[in-house]
Colleague: 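This structure is in structure tokens; I'll ask about it shortly.
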Protein chains: 2
Amino acid sequence: MATTQVAKVSFKEQMLQAREDAIIQTVNRLLSEKGFDAMTVDEVAASVGIAKASLYKHFPSKEDLAAAAMVKVMQRAQRFLQSLDPEAPPMDKLKAVARWTMEVQLAGQMPSLPSQNSTLRNTLMASREYMDGLMDVSDTLGSWIEAAQAKGLLNPQLPAIAVLYTLYARACDPVLEFLKTGGQHTDAQIVDLVMSTCFDGINAR
Amino acid sequence: MATTQVAKVSFKEQMLQAREDAIIQTVNRLLSEKGFDAMTVDEVAASVGIAKASLYKHFPSKEDLAAAAMVKVMQRAQRFLQSLDPEAPPMDKLKAVARWTMEVQLAGQMPSLPSQNSTLRNTLMASREYMDGLMDVSDTLGSWIEAAQAKGLLNPQLPAIAVLYTLYARACDPVLEFLKTGGQHTDAQIVDLVMSTCFDGINAR
DNA sequence: GTCTATAAATAGATAGAC
DNA sequence: GTCTATCTATTTATAGAC
């Protein structure tokens, strides 16, 4: 009986986890499409296919719901960083990260950041999980940036923090959406274009 | 009697215009701080110091209120473009424009664009005044971009539209706010940094 | 945990007196 | 045109049965 019960609980937990993953995936899509303020909890529930009250059993508030989605994205980023060959040149890894973030955005899975002073921002800043992930990612990228600057591959006159923010901003760059709406370029071409403007600038060389 | 009446009307109209300007200035600030969705009409009314109902005598809806603010920004941009010396090199004018948009943003007077599919976007697209202004600005900047590319000063391999969008995006670049929050740089330094990353990229040369 | 139904609060918009 | 007071719809959140 004991083994059956254990198996049963494990199965239930798996189902629970799967549902929460589905919720968060939906939230990430909506956050990417319309942002936190325009996204409604009704929408999320309807899109996932469960009742709103059920949603609130999983997450205590809209802010926590969005925060959980942001944490998931941050974890995904951490996994991506860890998947890169530690022996690879830092500059290559930075370019791979920039490219990856743009691809995630074009896939509609990159939530637009709450740059304004919103309630979500407060929740995020209070989230240990999110902040730890952000710190970890920033530390890793920061070390790569400094290494690339030391090698003379990144402009050493720029503060590392400015480079870091510039890369972060590319993950939410509206230019990608603009160009996609234009319909004149494929996703791959759009990524290449923004990679070029990000690293080489718009000046001629 | 006739002259008195005319003068009276003119004065009233001036007061009306002044009030509407004050409203729009407040709206621009709030749009810049929190975006369209998070901005409430109650806030606007309270900030201007008039009743909400009075606000609705001036503007028929929240969308129209925001649209009027965006039109004002667009007109301001048009005036700035016209203020530049027509004989100056196109590249110099483009840099002046980029710098100016960043300064406006740092001054808290640049509304964040409705990149998502929002009701505001529809209203803006339906606004002849806004769209005409946008077209005019885009045409002017586009011609300067092509001229700078022809002279080999801007990368001719980039589609002109990609350069245009890149410049537009700088006007709302979250990097400015990030760096400002960091508190390690003056506004002038921040503008210089982003000017550098925009035109020269983050690579070393 | 999931549901239906509902509460409580908020936001956009309007009525009507002055 | 400005105000107070109110309406209506929406939205976040919860109660309570199953």
Side-chain angles (χ1 to χ4, degrees), chain A residues 5 8-24 26-27 30-31 33-69 114 116-124, chain B residues 5 8-24 26-27 30-31 33-70 114 116-124 126:
Chain A
Q5 274 189 2
K8 209 171 181 182
V9 168
S10 171
F11 179 72
K12 269 176 84 172
E13 279 178 357
Q14 271 191 17
M15 295 307 296
L16 187 68
Q17 188 60 47
R19 169 145 294 186
E20 294 206 345
D21 285 349
I23 294 172
I24 283 179
T26 295
V27 171
L30 290 174
L31 282 181
E33 282 175 13
K34 25 205 324 182
F36 177 74
D37 294 307
M39 178 187 81
T40 70
V41 179
D42 290 87
E43 254 177 338
V44 176
S47 183
V48 175
I50 64 175
K52 186 164 51 169
S54 306
L55 208 55
Y56 275 96
K57 299 282 183 180
H58 290 277
F59 303 94
S61 73
K62 183 187 175 185
E63 279 78 14
D64 287 285
L65 183 59
Q116 319 98 338
N117 31 332
S118 67
T119 60
L120 175 57
R121 190 177 185 130
N122 297 333
T123 302
L124 281 177
Chain B
Q5 274 189 0
K8 209 171 180 181
V9 169
S10 171
F11 178 72
K12 269 176 84 171
E13 279 178 356
Q14 270 191 18
M15 294 307 296
L16 187 69
Q17 187 60 45
R19 168 145 293 185
E20 294 205 343
D21 284 349
I23 293 172
I24 283 180
T26 295
V27 171
L30 290 174
L31 282 181
E33 283 175 13
K34 29 205 322 183
F36 177 73
D37 294 308
M39 177 186 81
T40 70
V41 179
D42 289 86
E43 254 177 336
V44 176
S47 183
V48 175
I50 64 176
K52 184 162 56 167
S54 305
L55 208 55
Y56 275 96
K57 298 282 183 181
H58 290 277
F59 303 94
S61 74
K62 184 187 176 186
E63 279 78 13
D64 286 285
L65 183 58
M70 304 282 284
Q116 319 97 339
N117 30 331
S118 66
T119 59
L120 175 57
R121 191 175 184 131
N122 297 334
T123 303
L124 281 177

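Within every chain, numbering begins at 1; the chains are lettered A, B, ... in the order of the sequence lines, protein sequences first and strands thereafter.
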Colleague: Roughly how many Å is it from NZ in B/Lys34 to P in C/dT10, rounded to a whole number?
Modeller: 13 Å
Colleague: For A/Ser54, answer base if it contacts any base atom (sugar-phosphate contacts may also be present), sugar-phosphate if it contacts only those atoms, and nothing otherwise; contact means non-hydrogen atoms under 4.0 Å.
Modeller: base
Colleague: Any side-chain to backbone donor/acceptor pair from A/Lys62 onto A/Leu120? Under 3.5 Å, distance only.
Modeller: no
Colleague: Starting at atom CD of B/Glu20, determine the distance to atom C1' of D/dG1, rounded to an integer number of angstrom.
Modeller: 11 Å
Colleague: What's the closest nucleotide to the B/Ile50 side chain, out of D/dT11, D/dC3, C/dA13?
Modeller: D/dC3
Colleague: When you measure from the side chain of B/Ala51, which nucleotide among D/dC3, C/dA11, D/dT12 comes out closest?
Modeller: D/dC3
Colleague: When you measure from the side chain of B/Ala53, which nucleotide among C/dC3, D/dT4, D/dT12 comes out closest?
Modeller: D/dT4
Colleague: Among A/Leu55, A/Ile24, A/Ile50, find the one that has a side chain to side chain contact (heavy atoms under 4.5 Å, CB included) with A/Val44.
Modeller: A/Leu55
Colleague: Heavy atoms only, 4.0 Å cut-off, all strands: where does B/Lys57 land among base, sugar-phosphate and nothing?
Modeller: base
Colleague: Round to a whole Å and report the spacing from NZ of B/Lys52 to P of D/dC3.
Modeller: 13 Å
Colleague: Here's a test of your reading of the structure: between B/His58 and A/Met39, which maps to the more 5' nucleotide of DNA chain D?
Modeller: B/His58
Colleague: Pick base, sugar-phosphate or nothing for B/Met15, based on heavy-atom distances below 4.0 Å to the nucleic acid.
Modeller: nothing
Colleague: So which nucleotide from C/dT14, D/dT14, C/dC3 ends up closest to the side chain of A/Tyr56?
Modeller: D/dT14
